[in-house]
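To keep things clear, I will list the structure first and then write my remarks on it.
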Amino acid sequence: MIKEDNEVAILGAPQNSRPMMSTVVNIQTETIVPDHIVWSLFNTLFFNPCCLGFVAFAYSVKSRDRKMVGDMIGAQSYASTAKLLNTVALVLGIIAAIVLIVFYVIRRLNE
């Protein structure tokens with residue numbers, strides 16, 4: 001978004017005796033709803049315990065679809081579900097990786 005600096009010249013008092021009228025324009029800014037689709041794809045490919053990454057990916061796609069239609073409340077709902085599923089999938093995946101590494105190290109030490 002380009003920001004412009006506007007200068008206002010001081011012209012003094014108005015020349016006519018009518019009351020000044022003003023116009024207010026409300027501009028709605030586009031609400032940004034993250035759909036977490038990249039995170040969901042990452043979890044689908046690398047950390048996918050109990051297919052949570054795939055389910056999160058499905059919710060991310062639904063969130064993106066709702067956003068394209070203009071349903072921001074629905075998009076936010078699907079995005080928050082996708083975020084929760086992504087967090088659970090990531091935590092379970094990291095815990096599983098740590099447990100596998102610990103078991104591998106213990107097995108190697110016992111040989």
Side-chain angles (χ1 to χ4, degrees):
M1 192 150 80
I2 300 174
K3 292 186 177 182
E4 298 178 357
D5 292 330
N6 296 325
E7 294 183 16
V8 178
I10 299 174
L11 299 175
Q15 300 298 324
N16 55 10
S17 62
R18 289 186 296 166
M20 292 186 62
M21 297 180 66
S22 63
T23 303
V24 177
V25 178
N26 291 326
I27 300 174
Q28 291 182 340
T29 59
E30 184 177 329
T31 305
I32 298 173
V33 178
D35 52 16
H36 308 291
I37 200 153
V38 175
W39 188 14
S40 299
L41 184 62
F42 176 80
N43 282 337
T44 300
L45 296 175
F46 298 109
F47 295 116
N48 199 12
C50 304
C51 294
L52 288 177
F54 180 72
V55 175
F57 185 72
Y59 274 97
S60 295
V61 171
K62 285 183 178 185
S63 173
R64 182 168 282 189
D65 289 345
R66 293 283 93 202
K67 189 168 41 171
M68 291 298 154
V69 172
D71 180 15
M72 293 301 161
I73 296 171
Q76 183 65 41
S77 174
Y78 283 125
S80 64
T81 303
K83 182 178 180 180
L84 175 69
L85 291 171
N86 279 323
T87 304
V88 171
L90 186 64
V91 168
L92 288 177
I94 290 173
I95 289 172
I98 290 171
V99 168
L100 287 174
I101 290 170
V102 167
F103 280 148
Y104 179 76
V105 169
I106 290 173
R107 185 174 161 219
R108 285 292 183 182
L109 289 175
N110 288 336
E111 288 183 355

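These values consider heavy atoms only, across backbone and side chains, with no hydrogens, waters or symmetry-generated copies. In this chain, residues are counted from 1 in sequence order.
Each salt bridge (charged side-chain N to carboxylate O under 4.0 Å, His left out) pair with one or both residues in residues 84-110, not counting sequence neighbours, appears once here: Arg108-Glu111. Residue pairs that meet the salt bridge (charged side-chain N to carboxylate O under 4.0 Å, His left out) test with at least one member in residues 68-88, sequence neighbours left out, are Arg66-Asp71. Applying the ring-ring contact (aromatic ring centres under 6.0 Å, His included) test to every pair with at least one member in residues 64-100, sequence neighbours left out, gives these pairs: Tyr59-Tyr78.
Here the OG1 atom belonging to Thr87 is positioned 8.0 Å from the NE2 atom belonging to His36, to the nearest 0.5 angstrom.
Scanning both residues, Ser60 and Ser40, for their nearest heavy atoms gives OG-OG, 2.6 Å. For the pair Asn48 and Gly53, the tightest heavy-atom approach, listed with the atom from each and the gap, is OD1-N, 3.0 Å.
Here Leu109 is tied into one hydrophobic group with Ile101, Val105, each link being a pair of ILVMFWY side chains closer than 4.5 Å. Under a 4.5 Å side-chain heavy-atom criterion applied to ILVMFWY residues, the cluster that includes Val99 comprises Val91, Ile95, Phe103 as well. Hydrophobic cluster membership for Ile94: Ile37, Val38, Trp39, Leu41, Phe42, Leu45, Phe46, Phe47, Phe57, Val61, Leu90, Ile98, Val102, Ile106 (Ile, Leu, Val, Met, Phe, Trp, Tyr linked by side-chain heavy atoms under 4.5 Å, directly or transitively).
With hydrogens and angles ignored, the 3.5 Å screen pairs a side-chain donor or acceptor of Lys67 with a backbone N or O of Val33. In this structure a side-chain-to-backbone donor-acceptor pair under 3.5 Å is missing from Asp35 to Ser63.
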